[in-house]
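First comes the structure, then the notes that go with it.
Naming convention: chains lettered A, B, ... in sequence-line order (proteins, then strands); numbering from 1 in each chain.
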Amino acid sequence: MYTTVDRGPDVHEPSIPDEWELVVGLEVHVELSTNTKLFCGCANAFGAEPNTNVCPTCLGLPGSLPVMNGAAIESAMRLGRALNCTVSPSIMARKNYTYPDMPKDFQTSQYDQPTNHDGWLDTPEGVRINIERAHIEEDTGKSTHVGGDGRISSAQYSLIDYNRAGVPLLEIVSCPDIRTADEAKAYVSELRGIVLALGVSDAKMEEGSMRVDANVSVRPRGSDELRTRCEIKNINSISSVGRAIAHEANRHIDLYETGERPIQETRHWDEEAGRTRPGRSKENDEDYRYFPEPDLTPLVPTAAELEAIDASLPELPGAQRAALAEAAGIEPTEASLIVERGDAGFALDAIAAGGDGARVVVHLNNNLAGGVGKLTAELFAGLVNMETAGELSSTQTKEVLAEMVETGGTAADIAAAKGFEAMGTGELDGMLDELIANHPDEWARFAGDDEGESKKMAGFFTGQIMKATKGQADGKVVAQLLNSRK
Amino acid sequence: MAEPDSQPALSRDEVAHVAKLALLDLTEEEIDLFTVQLGSVIETAHDMNNLDLEGVQPTHHPLGLTNVVREDVVRPSIDRAEVLSQAPDVEDDRFKVPPALGED
């Protein structure tokens, strides 16, 4: 199965000056892909006509009462357990604020007794990021600001669609353990992989079913203080996570170095301008006037429920990488892309069917990015075997592979149909004799002491042989032959 | 019994702050009035601080129920025309509201 991979461009963020250290905690909202909303039976669906999935409960009409969606609670606990959290008895709470995206004037969330707490996530590079809590809450309606430049500060009015109001969310709050922008990207990417492996959300940042807010501060390296942080919102891709954090950290450093200091506030990432802009001053927790939601019952998971959840968790990306690395004899980080694409099982099957692990990984990484199509693990192993036995050159292997993906044929049949026959060493030897006779000067330069010249001429002879054989010779075999004659 | 509280239970500033959070536009007279009225409610609640509640668990639900959940099955929503007919202003099938303040 293939999924969209949003790793962002493989670039590393500009580092901050050595004497400063980055301190980042991430709040990641994941929309749980249930059939219905958290507290009512309206459909939980992205992209529906505005205000068609609404009812008295999610519109906050007087007299309506919420009833918890059991499936949402289960998804939340599954994700919590996959993040190594303790799942505890929890209660819902009202977070009071007045804003048109939440017509009840409060968001039903969790406060001092969240469902999941005290977990952790290990990035593929082996950095452990602690997770403070992962609590259940409802999403808000979607506002569109009209007039001005589209930002609310200049808007003439706003239009509200309540289809999203009441959609179940899990908010995963990390500890401020993240020290580089790359670590933040790795955390989000790994979290997304876990969410996809569990199937509890489609986790599409571009559609908002996964949203990342970053709490960013800096401190002098070696200090353990926590300085004023800013919360960065409106980060819409994994690569923006890195860019927004790097920008914000450098903004703080500039302020400190000119004798000023940042103020605690919410800021918005402007992707186009590559900078953050101030939003509202952050409300204090106290201003939300949290209190226990009287219309919903406490959630008390039984030991049996939790055991069933643990037993049903799928193999998570970290374990998949470890398994593939072990089977293929590679580093776990080299298995990242295959695991993200959902091809770890396919790779393991191909290796179990006798395919060389390293070649299986190389082909999946480089030549099967568009999908395995009609290729089966057994057929794939057959092709890899022909390649490692020297019956096909790597160029030929690639060509045969592309056709196998299209047609589902066997490697042997396709290679035969293309006229790819094993180029015997004897045949190549003969060709080489002829080439040496025709190009004595070049041969002398190849056999000489000048390494650069020798390398250049090796390229020349290999190229001539490839030309004569229409690319069917195995480059490695040619190199061996050349060197044996030197 | 409680010692008589020498401090007022609630300050005028706190009432003005809460009114601002709730987007309530109160007159000076109303703030004075609600400071007294809300103050007496809070004083009554403060009486509970005199009870010995050591070892008493907070009540999260009056009936002691837990885990009341429903099946994840879609039920019909309400007709959009009916929904929007209740709104003071509508544009593009959405609720039209004044620009919200204080947030971007």
Side-chain angles (χ1 to χ4, degrees), chain A residues 34-36 40-43 49-56 59 61 67-73 89 91 96-101 103 105 141 143-147 151-162 266 268 277-281 283 287 289 292 294 296-301, chain B residues 10-11 13-26 38 41-42 45 48 56-104:
Chain A
T34 48
N35 298 321
T36 65
C40 61
C42 288
E49 280 288 300
N51 292 307
T52 49
N53 296 328
V54 293
C55 75
L59 287 171
L61 300 185
V67 186
M68 272 280 202
N69 179 345
I73 312 305
I91 59 169
N96 297 280
Y97 69 98
T98 304
Y99 197 71
D101 64 5
D105 260 11
S143 317
T144 308
H145 306 304
V146 181
R151 300 199 306 145
I152 194 158
S153 46
S154 59
Q156 283 148 10
Y157 56 90
S158 301
L159 299 175
I160 320 279
D161 169 12
Y162 289 115
T266 300
H268 291 249
R277 296 180 192 283
R280 62 182 166 151
S281 305
E283 288 183 57
D287 283 349
R289 294 152 290 149
L296 292 164
T297 64
L299 302 171
V300 184
Chain B
L10 194 64
S11 74
D13 285 350
E14 284 171 311
V15 173
H17 179 62
V18 171
K20 190 180 154 212
L21 291 176
L23 300 188
L24 291 176
D25 192 11
L26 300 185
L38 291 171
V41 171
I42 288 188
M48 274 187 277
V56 178
Q57 291 299 311
T59 302
H60 291 308
H61 194 273
L63 304 179
L65 297 173
T66 59
N67 300 332
V68 176
V69 298
R70 62 183 169 80
E71 294 285 307
D72 186 24
V73 176
V74 176
R75 293 171 57 178
S77 296
I78 352 177
D79 178 62
R80 179 164 71 189
E82 192 186 344
V83 170
L84 295 176
S85 72
Q86 307 299 308
D89 207 352
V90 172
E91 188 176 300
D92 288 341
D93 300 318
R94 295 168 174 88
F95 291 83
K96 185 174 176 181
V97 300
L101 298 173
E103 190 170 355
D104 193 339

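For a residue to count as touching a neighbouring chain, one of its non-hydrogen atoms must lie under 4.5 Å from one of that chain's; by this rule A:Leu159 touches chain B with backbone and side chain alike. Contacts between B:Leu63 and chain A at a heavy-atom distance below 4.5 Å are absent for every atom of the residue. Heavy-atom distances place both the backbone and the side chain of A:Pro56 under 4.5 Å from chain B. In this structure, chain A has heavy atoms under 4.5 Å from both the backbone and the side chain of B:Val68.
In terms of heavy atoms, A:Pro298 sits closest to B:His60 at CG-CB, 3.5 Å. Between B:Arg70 and A:Cys40, the closest heavy-atom pair is NH2-O, 2.7 Å. Among all heavy-atom pairs drawn from B:His61 and A:Leu296, the shortest one is CD2-O, 3.9 Å. Nearest heavy atom pair, residue A:Pro50 against residue B:Asp92, reads CG-O, 4.3 Å. A pairwise comparison of heavy atoms in A:Ser158 and B:Pro99 identifies OG-CA, 4.3 Å as the closest pair. For the pair A:Asp287 and B:His17, the tightest heavy-atom approach, listed with the atom from each and the gap, is OD1-NE2, 2.8 Å.
To the nearest 0.5 Å, the span separating CD1 on A:Ile160 from NZ on B:Lys96 amounts to 12.5 Å.
Checking side-chain atoms of A:Thr297 against main-chain N and O of B:Leu65 turns up no donor-acceptor pair under 3.5 Å. Between the side chain of A:Thr36 and the backbone N or O of B:Asp72, no donor-acceptor pair lies under 3.5 Å. Judged purely by atom type and a 3.5 angstrom limit, B:Asn67 uses its side chain to pair as donor or acceptor with the backbone of A:Val300.
At least one side-chain heavy atom of B:Leu21 sits less than 4.5 Å from a side-chain heavy atom of A:Arg289.
Between the side chains of A:Asn51 and B:Asp93, no donor-acceptor pair of N or O atoms lies under 3.5 Å.
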